[in-house]
Amino acid sequence: MRSSLICAVALALLSCSGPVIISEDVLESPDKELQMCFALTSNGTPAYNLEYKGQTVIKPSKLGFELCDGTTLKDGFELEGVEFDSKDETWQPVWGEERDIRNNYNEMLVRLVRQDGVRMNIRFRLFNDGLGFRYEFPQDNKLRYFNIKEELTEFAMTGNHTAWWISGDYDTQEYNYSRTPLKGIRAASRATRLSNASATGFSDTGVQTALQLKTADGLYINIHEAAVVNYPTANLLLDDKSLVFRTWLTPDAEGIKGRMQAPCNTPWRTVMVVDDARKVLASKLILNLNEPCALEDVSWIHPVKYMGVWWEMISGKTEWSYTYDLPSVQLGVTDYSALKPHGRHGANNENVRRYIDFAAEGGFDALLIEGWNEGWEDWFGCQKDYVFDFVTPYPDFDLPALNEYAHSKGIRLVMHHETSSSTINYERHIEAAYDLMNQYGYDAVKSGYVGNIIPYGEHHYSQPIINHYLLALKKAAEHHIMVNAHEAVRPTGLCRTWPNLIGNESAMGTEYRGHINPGHTSILPFTRLQGGPMDYTPGIFEQDMSITAPGQHGKMRHTIANQLGLYVTFYSPLQMAADLPDNYERFPDAFQFIKDVAVDWEQSLYLEAEPGEYIVTARKPRLETLNKAAEGVASLADGKKDMLSGAARFVYALPEDATARNLAGARARDVWYVGGVCGEKAHECTLKFDFLNPSLRYEAVLYSDAPDADYESAPQAYTITRSEVTASDSLTVRMARGGGFALSLREL
Ligand code: NOJ
Ligand code: CA
């Protein structure tokens, strides 16, 4: 709440660097360890600074805007009033890492007005782990319709911190992260940008949110944004002399960085500050700054563990397209049944049935099938507007029959809508496309935005396209459809409001194969995952692409144990087993962990963490989810073969052929899963089992890197060890370079 304390150091800094402070107010976090000071200088410039335990973490930083009509909203303000508030509530996400999330903050609303009648309020919320603030433009305002030229929000750094960053871009975040001091960003920037189907960098010192930083004294600072709605997504532009970051918004096709109509507000700007890397992973700052769930009925939303007719196309073993006969396709005119199939089409009836069988046996919930619909012959690189209709299957894909077959085995099919970034074409077809899904009982769609955006000149992160993603999500909710959007904007916690957003890619995922650095998956939970879950598509057991797809080349840089660890370290309610059934059949004992693991959690513990180096996480599954999945399967199978999910089998200690009916009367065991991953350097961790129930004994199954495992020389060397443990035991596990481990603990 309001404090009489004055941030003396910060104010002194502001005063000597410019005009005199005429007003200041201080906000403290509930635990009083963070202090935010708002100040207005004598020329009416708003600014803030942030301290942690009395130490400055954000130096005085200016706030404001430049508008397209020449107006500036950076000075000339007077303080009309300051209001304080606070909140301490607990809410339950529909799915997540925890059953209960505490939302506890102190708030300060600063009301600013200029003599010409322009009003701009700034709302600050200070949590124990960080700050969120946003601009609000009230109704009673000289500003009504206005266009933003630049948002001027600053984040002034106190030193040349270590940064984990990807280059600023208006269209993609499919990059490896770099770790450099802030002053090293400029020199490294260009080399870090891989070629991508759509990429628009804007500066060698531009970086994306979320940006993870570490100070010389071991503080972890994370700069991000929350609730990006009807506003462009931000990058951060570093002045590498003064070490001040400025917000750098994505422009639309006309160069405008936000078209506003009062009353309105911007997304939240966030600065997390914690003294331990594990607290970054545990933080719920971004979710808490989003609005509560907008849906009344969420009974149709459920976590999904799935396989896909997918890796075979990514690896080059088969293709999305059906024929080589055509130089170009005209939907509705081209008659595919008259064309010669090239014989490499992955989404054919026979192949899909094989995957359905395999997924059902493994206790998966769903199967994704890409390349099922007409149009893939010229989908890429042509900037084609009318590229797919999302409703017409290829001649060798019998949609009704395959759905029926899948449902009879307790498997739902996941729809695929690659938009090829023609958002206008997707909007043209979206209603019919979702109707088709409803007709056949598909309840999840993977959408994709590969290539440059149409309308031409727009960007993946510009305001009109941000609005497109939300339109698709809301429409999907009307149809009771869950969404997993690839290449769409990086999420900013909107899944709290729209929990049918069960996944996003929006970072470099497994599809980049050998390009992915070993430490990538130990950085993503600090950055990309702060805004919401990622469909990273883990589970690749065969690292050598020439074995998966003869004639292809390249090797992925991880061990099998690392891929298993990801199912626990990498939170997502939508989790894929991405490799080919053939590759899993070669390692059935390791595949067992993927079958057993849950995807939705009651409680999560972050045992060890350092960005890019290692993460060790323990999670306890949420029973309701497993039971709900069992009910869903029983209704889907309509009394036929209602196979139980792998995780339910594991938790209820039922055999592999158990059905949903066997759940009645079975007793759930106390279960934990633990996962670890590491980067370029091997890492040894000591697991203390003090989180287990002290009155129980557990069977521990450890899937770890073998002593000779290494991502280069022996990526498939793993060992599986069974033992009995109690809460007073501990276990030392060594993770190889690019390695990891997975551990299941089930009450005996
Ligand atoms: C890129 C997506 O990330 C990938 O998963 C998908 O298979 C292709 N686009 C084709 O839609
Ligand atoms: Ca992608």
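Each ligand, and each atom within it, is numbered from 1 in the order the structure gives. For clarity, every value in this text was computed on a predicted model and none was experimentally measured.
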Atom 6 (C) of ligand 1: closest protein heavy atom, distance to 0.1 Å, is E370 OE1, 3.4 Å
Among the N/O/S atoms of E505, the Ca ion (ligand 2) lies closest to OE1
For E487 and ligand 1, answer yes if some heavy atom of the residue is under 4.0 Å from a ligand atom, otherwise no. yes
Near H416 (heavy-atom distance under 4.0 Å), the atoms of ligand 1 are 11 (O)
min-distance protein heavy atom vs atom 9 (N) of ligand 1 -> V450 CG2, 3.3 Å
In E511, the N/O/S atom nearest the Ca ion (ligand 2) carries the name OE2
query = Relative to each other, are the rings of W300 and H480 parallel, tilted or perpendicular (30° and 60° limits)?
reply = parallel
(Q) In this structure, does ligand 1 have an atom that sits under 4.0 Å from one of the heavy atoms of Y449? (A) no
I would like to know whether R193 and D204 meet salt bridge (Lys or Arg N to Asp or Glu O under 4.0 Å); could you show each step before the answer?
CA-CA 11 Å; R193 295 181 216 155; D204 287 347; 3.0 Å; yes
Can D171 and Y449 be counted as having a side-chain donor-acceptor contact under 3.5 angstrom? no
Under 4.0 Å between heavy atoms, the region of W311 that gets near ligand 1 turns out to be neither
min-distance protein heavy atom vs atom 4 (C) of ligand 1 -> E511 OE1, 3.3 Å
Ligand 1 to E505, heavy atom cutoff 4.0 Å, flagged ligand atoms 3 (O)
Do E431 and H479 get their side chains close enough for a donor-acceptor pair, meaning under 3.5 Å?
yes
Paired with W320, the side-chain hydrogen bond (donor to acceptor under 3.5 Å, both in side chains) test is passed by just one of H416, E370, E377, namely E370
Note: ligand 1 atoms sitting under 4.0 Å from heavy atoms of W320 are 7 (O), 10 (C)
Q | Y175 and D169 side chains, donor-acceptor separation under 3.5 Å | A | yes
closest protein heavy atom to atom 11 (O) of ligand 1 is E418 OE1, 2.6 Å
task: Would you please test R354 and D582 for salt bridge (Lys or Arg N to Asp or Glu O under 4.0 Å) and show each step?
output: CA-CA 11 Å; R354 185 172 165 245; D582 292 0; 2.8 Å; yes
Under 3.5 Å side-chain donor-acceptor pair for D544 and H553: no
Q.
If you measure every N or O of H486 against every N or O of ligand 1, does any of those distances drop under 3.5 Å?
A. yes
query = Counting N and O atoms only, with roles assigned by atom type, does the side chain of E542 sit under 3.5 Å from a partner on the main chain of T548, one being a donor and the other an acceptor?
reply = no
Can the ring centres of W376 and F388 be said to be less than 6.0 Å apart? yes
Note: OE2(E174)-the Ca ion (ligand 2)-OE2(E487) angle, rounded to 10 degrees, equals 100°
- Query: Does any N or O atom in K446 lie less than 3.5 angstrom from one in ligand 1, N or O only?
  - Reply: yes
